[in-house]
Undergrad: 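Below are the structure tokens for one structure; questions will follow.
Note: hydrogens, waters and symmetry copies are ignored here, and every other heavy atom, side chains too, is used. Letters A, B, ... are given to chains in the order of the sequence lines, protein chains preceding strands, and every chain is numbered from 1.
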Number of protein chains: 2
Amino acid sequence: MHPIGFESHDHRHCIAEGVSAAEARCAEEGLQFTPVRRRVLEILLEQHRAMGAYDILEVLRAEGLGSQPPVAYRALDFLVSHGFAHRIERLNAFTACAYPGADHAPAFLICRLCRTVAEASAAPRAQLDKAAAEAGFLIERAVIEAEGLCPDCRNAA
Amino acid sequence: MHPIGFESHDHRHCIAEGVSAAEARCAEEGLQFTPVRRRVLEILLEQHRAMGAYDILEVLRAEGLGSQPPVAYRALDFLVSHGFAHRIERLNAFTACAYPGADHAPAFLICRLCRTVAEASAAPRAQLDKAAAEAGFLIERAVIEAEGLCPDCRNAA
DNA sequence: AGAGGCGATGTTATACTATATCAACCCCGA
DNA sequence: TCGGGGTTGATATAGTATAACATCGCCTCT
């Protein structure tokens, strides 16, 4: 995986790609890709942005797919635990995975203005593994998140 | 700064060191190192652990230093914004800075069993800067947190 | 001394994020 | 037909964080 940026691109493609990758993996592994789960993934894929659980819940509610917090959190837990989405700790929010299927240890670049999220190189993770090894620490999960300005918002400012 | 570990050490020293470093910096910069702020820093320094704002508030309350959430949050905001403490996003918690005074971009190693927090090497940050530069992204703040098992808890398990 | 400003604190209320719990349902296989 | 596993529905509550406004103490300027 190489650093990806904030280039514009055919976004229908992202959505179709993301959903069908998830569909395929669920079929393979005998997981249930239910309507709520599918819809939550679509909502996340519609933007390369971080969305709060309650933002998503609002959409679900408007569409009659569920109206209580656990509905959103369950779907998000499913997506995150199977690698179809990521949790952004810094924002207590969620974003669709940009590399569905790839076994990866993502680092995120989060724009504080437009909330766009990009998945960057795994190099920082390699360095973190090295530092941990030296300290005798066993990493089970790593959070690497940079917050700042994306190219577009830099230019606008 | 080099990777630090989980070695045992003279802990009185940590506390005295941390408090006096903060005291000195506040004097230099004309900041008010008030009783609540000092006490919160001490509480954090008493353990190399992440503590939630409400954990801290409980202690303050028991000591008559304040009983409402804003009291704790204000003190923590002060400490974090001046580099005397760090926020651990992964845990929604706080820990005293292990290198008071050093201008640093910390990476944390967080034990999920004992909640001990170590500040590790800055190398991952350098890699993150590199990835961001390639993407045209301007980093304003970075969160690098690894969660797992510290040497002691690994041995115990 | 008095007026005004500033930062810190006290207090109340509320917003936002997340999970526990239990009941109901559905599909599938024994 | 029965039972089990996983999903969903619904209520309640836990945990984290901030808005807003009043007050106070201290410093400074006049």
Side-chain angles (χ1 to χ4, degrees), chain A residues 22-23 25-41 43-44 49-82 84-95 115 143 145, chain B residues 22-23 25-27 29-41 43-44 49-82 84-95 110 115 143 145:
Chain A
E23 202 163 41
R25 275 268 312 291
C26 288
E28 262 178 44
E29 304 183 17
L31 305 170
Q32 303 186 37
F33 197 47
T34 65
V36 181
R37 292 170 178 178
R38 168 188 293 264
R39 186 65 189 120
V40 170
L41 180 56
I43 292 167
L44 290 175
R49 290 214 167 67
M51 297 185 71
Y54 284 75
D55 297 334
I56 288 164
L57 182 58
E58 235 173 75
V59 179
L60 294 179
R61 184 175 286 150
E63 297 176 356
L65 277 173
S67 64
Q68 299 306 320
V71 173
Y73 281 102
R74 284 167 182 158
L76 287 166
D77 285 351
F78 173 86
L79 295 173
V80 168
S81 68
H82 294 93
F84 304 134
H86 302 290
R87 178 178 167 84
I88 306 294
E89 298 291 345
R90 171 69 179 140
L91 302 178
N92 295 328
F94 302 83
T95 191
R115 272 201 155 194
V143 174
E145 300 173 353
Chain B
E23 203 161 40
R25 275 268 313 289
C26 287
E29 302 183 17
L31 304 169
Q32 302 186 38
F33 197 48
T34 65
V36 181
R37 291 170 180 180
R38 167 188 294 264
R39 186 65 189 119
V40 170
L41 180 56
I43 292 166
L44 290 176
R49 290 213 166 69
M51 297 185 70
Y54 283 75
D55 298 333
I56 288 164
L57 182 57
E58 234 173 75
V59 179
L60 294 178
R61 184 175 284 148
E63 297 175 355
L65 277 172
S67 63
Q68 299 306 319
V71 173
Y73 281 103
R74 283 167 182 158
L76 288 165
D77 285 350
F78 173 87
L79 296 173
V80 168
S81 68
H82 293 94
F84 304 133
H86 301 291
R87 178 178 167 84
I88 307 294
E89 299 291 344
R90 170 69 179 138
L91 302 178
N92 294 329
F94 302 84
T95 190
I110 309 160
R115 272 204 153 191
V143 174
E145 299 172 355

Undergrad: After noting the C-alpha distance and the side-chain angles of B:Ile43 and B:Asp55, does the key distance pass the side chain to side chain contact (heavy atoms under 4.5 Å, CB included) rule?
TA: CA-CA 10 Å; B:Ile43 292 166; B:Asp55 298 333; over 6 Å; no
Undergrad: Mapping B:Ala75 and A:Pro69 onto DNA chain C by nearest heavy atom, which one lands closer to the 5' end?
TA: B:Ala75
Undergrad: Report yes or no: does A:Glu23 contribute a side-chain atom to a donor-acceptor pair with the main-chain N or O of A:Phe33 at less than 3.5 Å?
TA: no
Undergrad: Please check: side-chain N/O of B:Glu145 versus main-chain N/O of B:Glu89, any donor-acceptor pairing under 3.5 Å?
TA: yes
Undergrad: Kindly say if A:Arg74 contacts the phosphate of C:dA18, meaning a side-chain N or O under 4.0 Å from OP1 or OP2.
TA: no
Undergrad: Tell me if a side-chain donor or acceptor on B:Arg39 pairs with a main-chain N or O of B:Leu60 at a distance below 3.5 Å.
TA: no
Undergrad: Could you state the CD1-C1' distance from A:Ile56 to C:dA18, rounded to the nearest angstrom?
TA: 14 Å
Undergrad: Check the phosphate of C:dT9 against B:Thr34, side-chain N and O only, distance under 4.0 Å to OP1 or OP2. Yes or no?
TA: yes
Undergrad: Got A:Leu65 and A:Val40 here, is their nearest side-chain heavy-atom distance under 4.5 Å?
TA: no
Undergrad: Donor-acceptor check, side chain of B:Arg115 to backbone of B:Arg49, threshold 3.5 angstrom: yes or no?
TA: no
Undergrad: I need the CZ-P distance between A:Phe78 and C:dT19, as an integer number of Å.
TA: 17 Å
Undergrad: Mind calculating the distance between CD (A:Gln32) and C1' (C:dC28) to the nearest angstrom?
TA: 11 Å
Undergrad: Could you tell me how far apart B:Arg90 (CZ) and C:dT17 (C1') are, to the nearest whole angstrom?
TA: 14 Å
Undergrad: Provide, to the nearest angstrom, the distance between the CG atom belonging to A:Asn92 and the P atom belonging to C:dA15.
TA: 18 Å
Undergrad: Going 5' to 3' along DNA chain D, between which two nucleotides do contacts with chain A fall, using a heavy-atom cut-off of 4.0 Å?
TA: D:dG6 to D:dT11
Undergrad: Hey, which sits more toward the 5' end of DNA chain C by its nearest nucleotide, A:Ala53 or B:Gly66?
TA: B:Gly66
Undergrad: Can you tell me which stems DNA chain C forms, taking runs of 3 or more consecutive Watson-Crick or G-U pairs with both distances under 3.5 Å?
TA: C:1-30 with D:1-30
Undergrad: Could you go step by step and tell me if B:Ile110 and B:Thr95 meet the side chain to side chain contact (heavy atoms under 4.5 Å, CB included) rule?
TA: CA-CA 11 Å; B:Ile110 309 160; B:Thr95 190; over 6 Å; no
Undergrad: Under the 3.5 angstrom rule, does the side chain of B:Arg37 hit a backbone N or O of B:Gln32 as a donor-acceptor pair?
TA: yes
Undergrad: In this structure, how many angstroms lie between the C1' atom of C:dT17 and the CG atom of A:Asp55, rounded?
TA: 11 Å
Undergrad: Given atom OH of B:Tyr73 and atom P of C:dT14, what is their separation to the nearest angstrom?
TA: 19 Å
Undergrad: Would you kindly give the CE-to-P distance between A:Met51 and C:dA18, to the nearest whole Å?
TA: 14 Å
Undergrad: On a heavy-atom basis, which atom in A:Arg87 and which in A:Val80 lie closest, and how many Å separate them?
TA: N-CG2, 4.1 Å
Undergrad: Tell whether A:Tyr54 reaches the base of C:dA18 with its side chain through a donor-acceptor pair below 3.5 angstrom.
TA: yes
